Amino acid sequence: MKFLITFLRRYPGKSLTTLCAMLFAGIAEGFGMSMLLPLLSLSTGTGHGATHKSGSTLAKTITHLFTSINLKPTIGILLCIFVASIVVKVILVLLANKRVGYMVADVATDLRLNLLRAVFNSSWGYYVHQPTGSITNSFATEATRSADAYLFGMRAVAMLLNASVYTVVALMVAWKATILAIFIGSGILYILRFMVRQAKRAGRDQTIVLKSLLSFLTDILLSIKPLKAMDRENTAGRILEKKTMELRDALQRQVFSKEALRALQEPLSTIFFAIGLYVALVLLDLPLPNVLVMVYMLAKILKALQRAQREHQAMMIAESAYWSLLNKIKKANQQKEIFPGTRPLRFKRSIRLKDVTFSYGDREVLNRLNMTIPKASFAALVGPSGSGKTTVVDLITGLFFPKEGDVLVDDTPLREMNIKKWRQKIGYVPQETILLHDTILFNVTLGDETIGEDEVVEALKKAGAWDFVSKMPKGIHSIVGERGGLISGGQRQRITIARALVKKPELLILDEATTALDPKTEQDICNTLKDLLDQITIFAISHQETILREADIAYSLEQGKARQIKGEKV
Ligand code: ADP
Ligand code: MG
């Protein structure tokens with residue numbers, strides 16, 4: 001219920017018009033069906049006066065209606081009205097269904113876009129702890145299941161609306177029998193409620209298992225090579241298989257509760273039907289036309305209520321996916337990266353880390369660190385693994401902020417500047433090179449259409465990648481990872497360097513970006529980069545001798561502090 005209300009709130013206009021169309025469809029059908037009573041009275045030969053004798057409110061209302069418009073209710077006219085009403089109903093139902101169908105696509109799209117924006121705009125500290133698979137799962141499965149839940153919910157409401165219209169007609173034929181029948185019918189639905197709850201639990205298990213399964217699967221796939229090389233993929237495989245079996249179990253329980261509900265609805269509702277009829281025929285001693293109309297109406301009410309319950313059950317199965325997805329969006333939004341700084345960007349002299357202290361939770365990584373990278377210089381940072389080199393980079397790019405102290409660009413603290421503008425000046429080559437399964441061109445431009453192919457070639461040349469790319473059969477249009485585009489680790493690294501260079505950054509950060517290169521290639525890249533030093537500042541983290549030799553200024557990072565080991569004192 002809460003689920004439907006949330007949705008109706010989220011899409012009030014569209015949902016309301018759809019529900020109105022559904023309601024009017026029900027009314028049209030009810031109106032058509034109410035013609036059955038006089039029709040039956042006429043055909044049993046008692047003439048149109050007989051409608052009066054049957055004594056029901058419905059008969060009286062219809063006779064009144066016909067008298068007021070001065071029309072004689074013949075069998076032909078009544079049949080025409082009946083058929084016309086059903087046609088109107090069918091048209092309205094079609095319109096409503098089309099609308100719901102479109103809305104289902106809208107809902108899924110809306111949720112997906114919200115998720116994408118929330119995740120992309122979330123802070124690095126949040127993002128880094130999100131399993132990739134859990135995000136793709138939300139984007140794919142959970143969004144689809146949420147939209148389905150909405151569809152089932154709307155159908156359940158539509159069925160309830162139909163049932164209420166039929167009930168009004170039935171009440172007008174024989175109110176006592178109807179009330180009794182509805183009372184018993186609701187009781188049956190109430191008894192079967194546990195089936196709905198069971199399905200809901202199975203749906204929730206599906207949501208939980210799918211999330212952990214996909215998170216794990218994605219992580220395994222990203223690191224499958226060492227697992228295969230050590231013949232350890234099966235250990236991971238077994239965990240995946242176990243989770244897959246759990247998923248099967250949840251799916252089977254869903255199917256079972258669905259089928260059980262359907263199966264139990266049948267005998268129980270037949271009893272309800274029989275009781276209604278018994279009351280109408282024996283206790284109330286109604287005339288035959290009224291009884292026949294009641295049989296028809298009760299059957300209709302019954303079918304609508306049963307379907308409403310089944311749709312409700314289907315909604316409950318899918319509902320948990322919506323809450324899970326919504327939670328993900330909400331959490332990411334709470335962790336939104338905020339850029340309060342507005343001070344204009346000026347990078348003329350240096351980047352300076354001043355008394356910077358930083359920790360991940362309790363673990364302190366940097367302690368009153370001081371370091372200066374003069375503009376237009378080639379600066380290097382060395383230090384043992386885990387000493388905090390990458391953390392220094394993350395502070396310079398504004399992905400993290402110091403706990404104490406400041407990162408200053410010229411003399412402006414980074415947090416007071418427009419950080420997005422600052423990042424646009426940065427070319428960054430990370431420690432791990434992961435290329436997209438796309439063309440080399442796309443891997444360099446990342447889809448930025450303002451970058452021309454000649455600029456891509458130029459960047460590839462600077463990064464020392466042009467010699468092997470130009471030899472590929474399709475050149476920059478070769479797809480990375482496919483036949484003709486299979487490249488080595490060092491070649492991948494050079495493509496990532498080209499990606500960082502293509503936007504002509506003012507600051508180039510290389511985080512152990514040349515580790516996979518042979519000394520000659522590394523030297524060549526260093527030489528080309530040094531030629532650019534009037535336009536660019538280079539900050540390289542490395543253990544390679546080449547980098548240290550070529551650097552103008554170098555620091556060593558130990559125990560949270562930086563010590564200058566090369567270059568003039570700054
Ligand atoms: P380096 O790049 O010098 O190898 P890092 O800057 O990546 O070192 O990490 C420094 C220390 O901080 C490491 O000991 C690492 O365990 C810890 N660390 C890095 N990233 C995180 C994180 N997101 N959460 C918690 N601890 C982290
Ligand atoms: Mg590192």
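Start at 1 and go down the list; that is how both ligands and their atoms are numbered. Please read these numbers as outputs of a predicted model, since none were measured by experiment. Only heavy atoms go into these numbers, but all of them, side chains included; no hydrogens, no water, no symmetry mates.
Legend: side-chain hydrogen bond (donor to acceptor under 3.5 Å, both in side chains) pairs involving residues 330-348, not counting sequence neighbours, sorted by first then second residue: E337-R423, R343-E416. For residues 484-520, the set of pairs meeting the ring pair (Phe, Tyr, Trp, His ring centres under 6.0 Å) definition, not counting sequence neighbours, is empty.
Atom OH of Y127 has 12 or fewer neighbouring heavy atoms from other residues, nucleotides or ligands inside a 6.0 Å radius.
Distances shorter than 2.8 Å separate the Mg ion (ligand 2) from the protein N/O/S atoms T390 OG1, Q431 OE1.
Tested against S324 for a side-chain hydrogen bond (donor to acceptor under 3.5 Å, both in side chains), the candidates E319, R204, K211 yield a single pass: K211. For the side-chain hydrogen bond (donor to acceptor under 3.5 Å, both in side chains) with S359, the lone residue among E404, K403, E364 that qualifies is K403.
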Worked verdict on L508 versus L501 for side-chain contact (heavy atoms from CB on, under 4.5 Å):
CA-CA 8 Å; L508 177 68; L501 285 173; 4.0 Å; yes
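Residues with a heavy atom under 4.0 Å from ligand 1: V128, Y360, R363, V365, P384, S385, G386, S387, G388, K389, T390, T391.
Counting only N and O atoms by type, the side chains of R145 and T207 include a donor and acceptor under 3.5 Å apart. Side-chain contact check for T144 and R112: at least one donor-acceptor pair (N or O, by modelled atom type) lies under 3.5 Å.
A salt bridge between D410 and K375 is absent, with no side-chain N of the basic residue lying under 4.0 Å from a carboxylate O of the acidic one.
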